[in-house]
Amino acid sequence: MTEPLRVAVAAIANDRDEYLIARRPEHVHQGGLWEFPGGKIEPGETLEAALRRELREELDITPLRHHPLITLNHDYPDRRVCLEVVKVDRFEGEPRGMEGQPLRWVAAAQLHALDFPAANRAIIKALILPDCLVITPDLRCPETLLDGLNRTLDAGRVRLLQLRAPGLSREDFVSLAAAVIPLCHAQGAGVVLNAEPELAISLGADGVHLNSRRLASLAERPEVSLVGCSVHQRGELEKAIRLGVDFVLVSPVAPTHTHPGAPVLGWRRFEELARQAGRPAYALGGMTVDDISAAQRHGGQGIAGIRGLWQGVTATEGD
C-alpha cells in the first residue's frame, strides 16, 4: 500500500472566532471546493516548517502561535492523504490570496453549510466542539445535581455536558434529563446523554454518549446528530472509528481521586490514540482546566471530567 500524502493544514482563527478558508482552483483535485489553507509536506520537512512555508506562499502571513488540532487519514478514490491539522490563533501579516484564490472569514458554526472535501468535515467538527466537556457526577439526589449544574453554568464552564447518572432509576433519570436539557440549552450549551440513543432522541438531547458496554453492543452508528464514546485501549478505538462516532473520551490519562493506584495511559499514549482517532479526542481522568493546553499539545481537543470542572458536590468519576 502506498504511503499517504502528508499535508499541513491550518485552521486560522481571528479574534471574532472566524476561520479563514480558500476556494480551490477548478482544474485541481477537489477543484471548486472550499478548504483550509495548507499544502504538501516535503520529504524531510517538519510540520512546522511546512506550515510556515505554505502560509507565506499562499497567504503572505507568518504563524506565531499554534497547536495540533487533529490528524486525519482519508482515502479518496484516487489518492490517500494524511492531514496534519494545526489551529493557528496568532499570526503576523494580513492574509491575501497570493495565488489568486478567493478567501473568506467564516464563523465556525457556519462552516458546515459550505462545500468542503470530505476529509475536512472532521476539522469542522473539531472547530465547533469546545475544549472542555463537563460530565455530571454520580449523585443519587437530582436536586443536588441540578444545584451543581446551575453553579457550573454560572461559572461559564459548560458548552457541552454529558449527563451521566447511573445511580438513578430510569424514571428519575428521564425526569432529570427533561430538566437538564432545556436548562443547558437556555445557556447555549449542548447535552449528550449517557443513555440509550432512543432516549436521547425522544428527550431532544443534542446527542448520546456510548460507554464501553454500549459501544461493544452496537453494530452501527446511532441515528443521532452527535455521538461520543469512551475508549481505554486500541480495540475500543477501532470499534468507535468503524461506527463513525464524532468524538472520543480517552481515559484514564492521569490518576484520579477515585482510583489513585490504577494504571494510567499518560500523555504519550494519549497522543498516540488521539492521532489514530481521526476525530476530536478528549483527555479524561484526573484532568483540570490547567490541563487543556497539555491535551491540545498532544493532539487532543481538550479535556473532559467531573471533579476538575464541576461546581458543587461530586461523587464517583468514571466511564
Side-chain angles (χ1 to χ4, degrees), residues 1-7 9 30 68-85 112 116-130 133 135 160 162-164 190-201 205-253 263 265 268-285 295 298-304 318-319:
M1 184 177 293
T2 60
E3 288 295 314
L5 177 69
R6 293 179 63 215
V7 179
V9 179
Q30 303 283 302
L69 181 66
I70 194 170
T71 299
L72 302 169
N73 290 285
H74 191 84
D75 292 341
Y76 288 105
D78 57 344
R79 69 180 62 186
R80 300 175 63 225
V81 297
C82 176
L83 306 183
E84 300 185 31
V85 188
H112 67 88
F116 283 86
N120 282 221
R121 291 295 167 184
I123 303 174
I124 296 171
K125 184 70 70 174
L127 295 176
I128 293 173
L129 287 172
L133 192 160
I135 304 173
L160 183 61
Q162 181 199 138
L163 179 58
R164 174 186 177 274
V191 180
V192 295
L193 299 187
N194 193 319
E196 299 85 358
E198 297 77 15
L199 183 60
I201 295 170
D206 299 277
V208 65
H209 180 82
L210 308 175
N211 58 25
S212 297
R213 176 179 54 80
R214 289 194 185 92
L215 177 65
S217 69
L218 290 174
E220 57 186 25
R221 175 193 164 99
E223 294 184 2
V224 295
S225 59
L226 188 61
V227 181
C229 73
S230 298
V231 300
H232 308 90
Q233 40 84 11
R234 178 70 178 271
E236 290 176 335
L237 178 59
E238 290 174 347
K239 177 65 179 292
I241 293 171
R242 289 197 300 273
L243 285 183
V245 305
D246 298 298
F247 65 90
V248 295
L249 275 56
V250 180
S251 69
V253 175
L265 296 170
R268 180 177 296 181
R269 181 58 176 154
F270 169 80
E271 182 171 1
E272 291 174 0
L273 293 173
R275 286 181 63 86
Q276 295 164 9
R279 62 214 68 229
Y282 290 93
L284 172 63
H298 290 87
Q301 179 76 14
I303 64 160
D319 184 30

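Numbering of residues begins at 1 and proceeds along the displayed sequence.
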Please examine the side chains of [Y] and [X], heavy atoms only from C-beta on, and report whether any two atoms are closer than 4.5 Å.
{"X": "Ile135", "Y": "Leu163", "answer": "no"}
{"X": "Tyr282", "Y": "Val248", "answer": "no"}
{"X": "Asn120", "Y": "Leu83", "answer": "yes"}
{"X": "Leu210", "Y": "Leu218", "answer": "yes"}

Note: [X]-[Y] ion pair, threshold 4.0 Å (strictly below):
{"X": "Lys239", "Y": "Glu236", "answer": "no"}
{"X": "Arg234", "Y": "Glu238", "answer": "yes"}
{"X": "Asp246", "Y": "Arg121", "answer": "no"}

When you measure from the side chain of [X] to the backbone of [Y], do you find a donor-acceptor pair of N or O atoms at a distance under 3.5 Å?
{"X": "Glu84", "Y": "Arg6", "value": "no"}
{"X": "Glu196", "Y": "Glu198", "value": "no"}
{"X": "Arg221", "Y": "Val224", "value": "yes"}
{"X": "Ser225", "Y": "Asp206", "value": "yes"}
{"X": "Asn211", "Y": "Arg214", "value": "yes"}
{"X": "Gln301", "Y": "Ala126", "value": "yes"}
{"X": "Arg279", "Y": "Val245", "value": "yes"}

Rounded at 0.5 Å granularity, tell me how far CD1 in Ile124 sits from NE2 in His112. 8.5 Å

Atom CG of Leu72 and atom CD1 of Ile123: how far apart are they, to the nearest 0.5 Å? 5.5 Å

Check step by step if side chain to side chain contact (heavy atoms under 4.5 Å, CB included) holds for Leu129 and Lys125. CA-CA 6 Å; Leu129 287 172; Lys125 184 70 70 174; 3.9 Å; yes

Testing Leu226, Ile128, Val191 for side-chain contact (heavy atoms from CB on, under 4.5 Å) with Leu160, which one passes? Leu226

Identified side-chain contact (heavy atoms from CB on, under 4.5 Å) partner of Leu249 from the options Val231, Ile303, Leu133: Leu133

Could you report the tightest heavy-atom contact between [X] and [Y], atom names first, then the distance?
{"X": "Val208", "Y": "Ala200", "result": "CB-CB, 4.3 Å"}
{"X": "Ala240", "Y": "Cys229", "result": "CB-SG, 3.4 Å"}
{"X": "Gly302", "Y": "Ala295", "result": "O-CB, 3.4 Å"}
{"X": "Ser230", "Y": "Ser212", "result": "O-OG, 4.3 Å"}
{"X": "Ala281", "Y": "Val250", "result": "CB-CG2, 4.3 Å"}
{"X": "Leu193", "Y": "Ala205", "result": "CG-CB, 3.8 Å"}

Asn73 and Val81: CA distance, side-chain angles, deciding distance, side chain to side chain contact (heavy atoms under 4.5 Å, CB included) verdict: CA-CA 6 Å; Asn73 290 285; Val81 297; over 6 Å; no

Could you give me the CA-CA distance, side-chain angles and deciding distance for Glu272 and Arg269, then say whether salt bridge (Lys or Arg N to Asp or Glu O under 4.0 Å) is met? CA-CA 5 Å; Glu272 291 174 0; Arg269 181 58 176 154; 2.8 Å; yes

